[in-house]
Amino acid sequence: MSVRTKIDQLCARMHDAPQYPTQGAVLFVDLERRATRSKYLPAAIMRSFLGGRGANMVLLYNLLEEERDALDPEVPLIFGAGTLTGEMPSATRGNFTSRSPDSYAFLDASAGDYFPAFTKRLGYDHIVLYGLAPQWTLLKICRESVEFLDATPYVGLDNLDTAAAIERDFHCTERKDMALARITTAGENLALCSGIMGGIKSIWARGGGGAKMGSLKLKAIMIHGKPGDPPKQKELKEHNKIIGKKITSTSVIKNALKQVGTPFLYKPSRVLGALGTLNNQTTAWHESLDADNFDPYRPGMDGCFKCPVHCRNQNDMTPEGKGGWGSAALMGLKGNASYDKAQADVDHHKLRTYQGIKGDGHFDKYDKGDGPEYVTVGKFGPMIGLREPEQVLRLNNILNDLGLDSASTGSAISWAMELWQRGIIDASHTGGLDLSWGNYDTIEKLLFMTARREGFGDTIADSARAVERGKYPKEALDYRMAVKGLFQSDPHDARILKAFALGLSVATRGMDHLRNRVTLEINARVNDDAPFKTRLYGGTVAPQPNSYEGKEIAVRRCENTFAVGDSVGMCRFNTKLFNSPTLPDCSDFATQLSTLTGQPVTAEQLDEVGRNISGLEHLLNFRLGLRAKDDTLPRRWFEESIDSGPFKGEKIERQQFDAMKKRFYELTGLNAEGVPRADWHQQLALAATGFALRVELPRPLPGAPEKSIVIDRPVANVAELRNALRRHLPEARSALDDPSWNVTVNDEMILSGESTKALHNGDRVQLVPIIAGG
Ligand code: SF4
């Protein structure tokens with residue numbers, strides 16, 4: 001079925017006017033036919049899944065044809081701003097969602113900066129993009145119009161130049177009266193590790209969004225015009241003050257994030273002996289990348305739309321650049337470094353010695369910029385064998401301009417370096433490039449080659465898919481640090497912290513910490529206070545970070561909270577449980593949602609909404625062929641122990657991991673295949689697609705351990721149902737094709753005319769063997 005037919009069907013269930021006072025429209029954009037239409041989602045969708053990530057999943061669930069390749073223009077790319085985006089302090093975020101061309105899962109990436117808030121304030125909650133544009137296109141969205149403009153003049157430009165050219169041509173300034181989501185040459189060239197840029201550094205990074213947008217020939221989406229401040233209700237303003245105060249008075253925000261940004265996390269990971277190093281062959285690396293070593297080059301901080309935190313550390317290594325912002329801010333800060341208190345007072349007294357990357361006094365545009373985040377420090381430091389902060393800063397600035405996801409690109413390079421180290425690839429694969437660990441010159445060059453798919457850059461651009469695209473031999477998969485085909489998002493080696501490990505294995509978008517990471521597992525104060533920890537997660541979680549006991553409870557709670565956070569648009573850094581137990585949580589979101597939408601909601605209901613969102617994501621992944629066996633970890637973490645540090649000898653014990661995962665499934669309501677049990681599946685289906693037909697089976701089938709299957713997209717008759725069953729469960733096709741299995745509908749045996757026997761929502765359907773007993 002074409003995406004246009006699916007959109008027609010979906011629109012028939014949508015409305016022509018807002019369903020609550022602040023609701024924005026869904027803008028459907030047919031890039032091929034240059035046509036648009038807008039509709040409003042039913043309020044019931046908001047009640048079950050909220051906006052942003054949650055409603056994006058509903059839209060994708062309805063519009064995805066899973067047989068199609070991720071880069072097929074009939075597979076839509078969906079943007080969604082959170083329900084509270086632009087309305088609550090630090091609610092700056094929106095998600096891009098689709099099928100991932102990089103991983104085997106769906107694509108879902110969050111970013112802040114200004115694009116999500118500008119889009120929402122213009123009156124759009126979601127933008128659904130589909131169809132192959134006849135030429136490179138710039139989509140210009142204003143309050144009164146949507147225009148399809150020729151983007152040919154911008155093709156071949158990277159991030160900074162694209163923004164500058166559009167500012168010049170449209171007489172506007174990004175963040176002031178314009179916001180821009182754009183791709184770079186990497187996206188144009190369908191590099192699977194490319195993202196969609198939303199600012200100088202802001203990126204919808206994970207899953208290959210740049211390539212997906214490139215596959216539509218869409219260069220950029222411009223929100224044009226100053227959005228203005230909508231009138232706010234008194235109650236909203238009052239509780240916003242409380243939320244703002246909660247954020248800015250939290251120690252880790254005040255002392256770390258506002259001062260040096262996320263690189264503060266490097267030290268606690270290092271002290272713990274948990275830094276992914278040399279493609280996770282080891283876990284120990286140098287102090288030279290501790291956050292204070294970046295002090296001399298940090299002129300200040302930047303922030304997203306009206307966020308009170310400003311966590312985005314800037315860098316400037318040019319002679320005229322200033323530094324020193326946040327220097328000594330971490331001195332004596334013991335909270336997250338508390339596994340080695342002595343480290344809290346270490347200062348490296350780093351001097352500003354940079355004289356250009358070759359030391360010859362030559363500087364260029366990559367010697368200043370925005371960032372790095374901790375992820376980039378880790379992936380372009382220990383993971384590839386670099387230890388100089390100046391080299392990491394410069395690579396960070398290049399990555400930002402090239403629009404590359406530092407997590408996937410860094411992991412793809414570290415994977416290649418290990419293959420080189422082991423002799424699995426050599427100069428004949430790399431075109432003569434020397435991939436020895438820490439070879440800075442090669443790495444810098446390789447980034448540009450990746451964006452343009454030149455030489456060995458074509459292999460890095462294939463990211464985690466390099467083996468299936470024929471670039472590496474099969475044995476290379478043994479060293480690929482990925483889950484569900486997505487490279488690990490953060491640099492933290494999770495062999496020690498079992499809650500981190502569980503989270504990475506079950507995270508719905510692949511090996512990713514932002515879905516559910518129980519960061520507070522490294523906080524000794526939380527671990528040492530058992531009653532507090534129990535209250536925090538709603539159950540008993542073992543205090544030892546390397547224990548498996550109760551970790552499923554913490555991961556479940558984080559997953560619910562973070563899914564809600566993404567769907568209201570809240571930045572993860574300022575969401576309870578990610579960095580601190582005192583940050584805004586579901587009860588704050590419930591208060592603001594009730595005021596803003598006029599539909600009362602409680603924190604407990606939102607917790608359930610969070611579970612719904614992850615449940616629908618598990619169902620999406622099932623449709624994409626993922627099963628319980630894919631909720632796992634890289635081989636290395638099961639078989640190789642950590643070889644140094646205070647937790648030397650730790651690895652993941654398979655049996656204990658399996659038991660922990662099983663408990664997580666039970667707690668979540670997933671069956672043995674990792675998808676919502678039939679009852680819950682029915683509820684999710686009714687909320688998301690408006691259709692649920694439960695089919696009872698005579699026995700469990702591969703992929704259907706419960707002896708029942710829920711068909712969640714409309715089927716008109718029994719013949720269509722048979723096809724839907726085969727499509728839903730390809731691994732059980734031979735059983736489903738068994739001619740001795742008859743269908744009963746509401747206890748009536750259908751012996752002939754299956755194509756005329758109509759089916760309706762909620763019918764009772766059974767597959768019954770004709771010959772029984774014996
Ligand atoms: S905390 Fe940082 S990343 Fe998050 S919204 Fe604020 S400035 Fe942006």
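When a ligand or atom number is given, it counts from 1 through the structure's own listing order. Side chains are part of it too, since the values below use all heavy atoms of this structure and drop only hydrogens, waters and symmetry mates.
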4.5 Å side-chain heavy-atom contact, Phe79 and His126:
no
Protein heavy-atom partner closest to atom 5 (S) of ligand 1 - residue, atom, separation in Å
Thr92 OG1, 3.4 Å
Please work out whether any backbone atom (N, CA, C, O) or any side-chain heavy atom from C-beta onward of Leu257 is under 4.0 Å from ligand 1, and answer side chain, backbone, both or neither.
neither
Are any N, O or S atoms from Cys304 nearer to atom 6 (Fe) of ligand 1 than 2.8 Å?
no
Within the 4.0 Å heavy-atom shell around Cys307, which atoms of ligand 1 are there?
1 (S), 5 (S), 6 (Fe), 7 (S)
Looking at Asp490 and Arg517, is there a salt bridge between them, counting it only when a charged N and a carboxylate O are closer than 4.0 Å?
yes
So the atoms of ligand 1 within less than 4.0 Å of a heavy atom of Asn574 turn out to be 1 (S)
Ion pair Lys484/Asp512, N-O distance below 4.0 Å:
no
Hey, is Arg121 close enough to Asp229 for a salt bridge, meaning N to O under 4.0 Å?
yes
N/O/S of Cys571 less than 2.8 Å from atom 4 (Fe) of ligand 1?
yes
Should the proximity of Arg93 to ligand 1, defined as any heavy atom under 4.0 Å, be assigned to the side chain, the backbone, both, or neither?
side chain
For atom 2 (Fe) of ligand 1, what is the nearest protein heavy atom, given as residue, atom name and distance?
Cys311 SG, 2.3 Å
Value for CG (Leu265) from CZ (Arg270), rounded to nearest 0.5 Å, stands at 13.0 Å
I'd like to know if Arg182 and Glu174 make a salt bridge, using a cut-off of under 4.0 Å between side-chain N and carboxylate O.
yes
